[in-house]
Amino acid sequence: MADEADVEQAAAAAAGDGAQPPALSKSARKKLPKQERQAARKAAEKERRRADVERRRREWEEALAAAPSDEARAEMVAARRETRRERVGRRAEERGARAERLRRAAEGAGQKVVLDLEFADLMRPNEIHSLTQQIMHCYAVNGRSANPAHLWLTGCSGEMATHLQRIPGYDKWIIEKAAKPYLEAFEDHKENLVYLTADAETVLDDLNMSKIYIIGGLVDRNRWKGITLKKAAEQGIQSAKLPIGNYLKMSSSQVLTVNQMFEIMLKFVETRDWKTSFFHVIPQRKRGEAQAGDDEAKVSLDDNDDAAEGDRNGNLSEENLEKVLDEEVDDGVVEELEDEETDVSNKRQCVRHEDAGAGHQGRSGAVAEATPAGVEATPQAGQAKESNDGGED
């Protein structure tokens with residue numbers, strides 16, 4: 001993570017004064033090609049989107065210009081507006097169903113899972129950013145689940161709270177948010193708290209609905225190895241680890257992210273099968289052959305540490321990030337686009353009436369001149385999504 005900062009600073013220095021960038025560490029040099037490939041993919045995806053927006057704008061403009069009459073054009077605009085309204089309606093229904101599932105989970109139907117966010121002072125800014133993305137992923141996956149968990153964010157204050165508040169729609173999340181630590185939030189249920197850490201001796205065989213499972217929100221590149229187990233022991237609460245070693249042999253250099261841990265638990269609630277849950281969530285590159293009771297299986301999942309290295313370590317991809325953000329902001333964008341399209345349609349009618357006596361050529365010119373503003377709606381949607389990409393890298 002620090003190496004990525006080195007790469008960025010070196011690039012900025014080179015661009016600023018033309019001087020040779022300072023020598024990079026071996027680790028930074030190793031990561032540089034991958035970062036360049038990721039940047040190239042992102043640029044190509046944005047360019048593809050722009051081209052797609054332009055194509056759709058052109059097709060809509062040509063279709064309007066080819067309409068045989070003003071009435072036909074008005075019908076086209078009305079039909080387009082109705083299609084968008086139907087889409088908004090479907091999304092509203094989906095949002096309503098999701099909200100109902102999350103409310104039922106909070107009322108007792110969901111497994112209680114806590115993301116412990118008390119480690120912000122131990123993380124660098126880019127690590128807090130990476131953790132923020134993982135929390136977004138947890139919320140999105142939970143909302144899509146048929147059996148969502150009752151998800152809590154505790155210790156949510158200071159720098160961590162600041163990062164979360166920057167997420168579009170965060171204030172509307174149906175999730176428990178507490179600035180106080182989980183020991184205070186669950187002071188009457190301390191005996192039911194179970195901290196999940198790979199360093200624990202107890203292996204979790206099943207999930208108990210009466211228990212409250214805690215996942216450490218720490219992205220630290222193993223600087224604070226064993227800190228969650230130590231914390232649980234000092235607080236006098238139970239600790240346990242997932243039974244990954246019973247099913248997979250994993251490299252000691254591999255880790256699971258917070259969102260992967262959470263998704264494994266969601267999948268287990270659905271299937272009651274650990275092996276299915278692990279294979280559904282853990283990327284193939286991280287897992288070996290199934291190990292039925294292999295005591296020598298090695299798993300390094302300490303404190304759910306992660307490097308912010310894109311999808312390969314469980315962070316949100318550009319596509320997934322947009323899905324998360326769109327759930328909260330997309331409908332407002334669509335409604336805004338519909339209002340603008342209505343205004344543009346009215347302007348087009350005015351232009352045609354003013355030029356009614358100018359002949360067929362003049363009328364076509366008025367249509368062509370007025371249309372681009374009307375089609376600006378689609379690029380706006382693309383720009384709205386691109387503006388959300390700031391949280392992803």
Side-chain angles (χ1 to χ4, degrees), residues 1-6 8 112-142 149 151-173 175-187 193-199 212-235 237 239 255-263 265 301-310 313-316 321 324-325 388 390-393:
M1 313 268 302
D3 295 328
E4 292 181 4
D6 292 342
E8 293 174 359
K112 287 186 176 65
V113 180
V114 174
L115 303 187
D116 175 16
L117 307 182
E118 297 179 46
F119 300 106
D121 59 329
L122 303 181
M123 292 186 285
R124 301 173 178 131
N126 52 357
E127 292 169 340
I128 295 178
H129 165 73
S130 178
L131 177 59
T132 302
Q133 283 200 315
Q134 294 175 33
I135 294 170
M136 291 169 61
H137 193 116
C138 289
Y139 179 72
V141 169
N142 201 41
L151 186 58
W152 286 69
L153 304 179
T154 62
C156 188
S157 60
E159 188 70 13
M160 193 71 244
T162 300
H163 274 72
L164 290 172
Q165 286 292 342
R166 293 173 184 160
I167 301 173
Y170 174 71
D171 291 337
K172 298 179 182 178
W173 282 16
I175 191 174
E176 307 286 354
K177 307 165 189 172
K180 56 188 175 184
Y182 55 81
L183 276 184
E184 294 181 23
F186 299 99
E187 58 183 347
L193 295 175
V194 181
Y195 215 117
L196 298 179
T197 170
D199 296 308
I212 303 165
Y213 296 101
I214 306 167
I215 299 175
L218 179 61
V219 177
D220 69 337
R221 300 293 287 175
N222 270 338
R223 293 193 309 276
W224 302 98
K225 188 174 178 65
I227 191 172
T228 50
L229 179 63
K230 181 181 178 182
K231 181 177 183 179
E234 290 176 348
Q235 293 177 339
I237 65 175
S239 61
V255 296
L256 290 186
T257 62
V258 170
N259 54 280
Q260 287 169 345
M261 289 282 289
F262 178 73
E263 192 170 355
M265 297 178 72
L301 307 173
D302 301 290
D303 307 320
N304 303 304
D305 109 41
D306 175 46
E309 294 180 11
N313 280 326
N315 285 329
L316 291 176
L321 178 60
V324 176
L325 299 177
N388 292 331
E392 181 268 331
D393 204 297

Minimum heavy-atom distance between Met123 and Arg223, given as atom pair plus value: CA-NH2, 4.1 Å
Close side-chain approach of Leu122 and Ile227, heavy atoms under 4.5 Å: yes
Value rounded to 0.5 Å, distance of CG in Leu117 from CD1 in Ile215: 11.0 Å
Atom pair CG (Leu256) and CG (Leu196), whose distance is rounded to the nearest 0.5 Å: 11.5 Å
From Leu115 atom CG to Thr154 atom OG1, the distance as rounded to the nearest 0.5 Å: 8.0 Å
Criterion ring-ring contact (aromatic ring centres under 6.0 Å, His included) against Trp152, the qualifying member of Tyr213, Phe262, Phe186: Phe186
Nearest non-hydrogen partners of Ala120 and Met160, listed with the distance: CB-CB, 4.1 Å
Spatial distance of atom CD1 (Ile128) from atom CD (Glu159) [nearest 0.5 Å]: 5.0 Å
Least distance between heavy atoms, Ala149 atom then Val113 atom: CB-CG2, 4.1 Å
Aromatic ring pairing Trp173/Tyr139, orientation class (parallel under 30°, perpendicular over 60°, tilted between): parallel
Derivation of the side chain to side chain contact (heavy atoms under 4.5 Å, CB included) call for Ile212 and Tyr182: CA-CA 10 Å; Ile212 303 165; Tyr182 55 81; over 6 Å; no
Test ring-ring contact (aromatic ring centres under 6.0 Å, His included) applied to Phe119 - qualifying residues, sequence neighbours left out: none
His137 (side chain) donor-acceptor with Gln133 (main chain) under 3.5 angstrom: no
Spacing of OG1 belonging to Thr132 relative to CG belonging to Asn126, to within rounding of 0.5 Å: 11.0 Å
Heavy-atom closest contact (Ser239 atom, Ala232 atom, distance): CB-CB, 4.3 Å
NZ/NE/NH1/NH2 to OD/OE distance under 4.0 Å, Glu187 and Lys180: no
Rounded distance [0.5 Å steps], CG in Leu151 versus NZ in Lys177: 11.0 Å
Side chain proximity check, Met136 to Leu164, heavy atoms < 4.5 angstrom: no
Qualifying residues under salt bridge (charged side-chain N to carboxylate O under 4.0 Å, His left out), relative to Glu118, sequence neighbours excluded: Lys231
Validation row: Gln134, Val219 side chains within 4.5 angstrom (heavy atoms): yes
Any Ile214 side-chain heavy atom under 4.5 Å of Ile237 side chain: yes
